[in-house]
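First comes the structure, then the notes that go with it.
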Amino acid sequence: MAWAVIRRCGGQVRAGFGGPYALDYGAILMMADAMGAGTALLADVLPSVEPVIVKAYRENADDGD
């Protein structure tokens, strides 16, 4: 279930003029709660997946996508 939340909330990023720099944990945890997922597990996992997701957004932006 945690993976389903992460896949659905991949667009929940915090961005500035330099592009995405972090995930919006509040929005992701609210989505997890609405989906009936364990927010404690997500709170533990999010810091590990955050750099991967942010890096992917930056790489896609560099490619012009």
Side-chain angles (χ1 to χ4, degrees):
M1 186 59 111
W3 181 244
V5 173
I6 291 169
R7 288 180 50 126
R8 287 188 180 198
C9 293
Q12 298 300 324
V13 296
R14 295 190 181 272
F17 290 110
Y21 61 88
L23 294 177
D24 185 344
Y25 283 30
I28 294 171
L29 293 175
M30 285 193 317
M31 176 66 81
D33 187 47
M35 292 175 65
T39 55
L41 173 63
L42 276 167
D44 191 43
V45 171
L46 284 175
S48 298
V49 299
E50 180 178 38
V52 176
I53 294 171
V54 171
K55 180 180 177 187
Y57 268 99
R58 288 185 178 162
E59 287 173 355
N60 285 336
D62 291 343
D63 292 342
D65 293 339

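Heads up: numbering here begins at 1 and tracks the sequence.
- R14 and D24 make their closest contact through NH2-OD1, 3.2 Å (heavy atoms, listed as atom of the first residue, atom of the second, distance).
- The hydrophobic clustering, which links ILVMFWY residues whose side-chain heavy atoms are closer than 4.5 Å, places M35 and V45 together.
- Under the 4.5 Å side-chain contact rule for hydrophobic residues, L41 and Y25 share a cluster.
- Atom OG1 of T39 sits about 12.5 Å away from atom CD1 of I28, to the nearest 0.5 Å.
- If you chain together hydrophobic residues whose side chains sit under 4.5 Å apart, V54 and V5 never meet in one group.
- The structure places CD1 of I53 at 11.0 Å from CD of Q12, a figure rounded to the nearest 0.5 Å.
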Side chain to side chain contact (heavy atoms under 4.5 Å, CB included) evaluation trace for Y21 with R58: CA-CA 9 Å; Y21 61 88; R58 288 185 178 162; 3.7 Å; yes
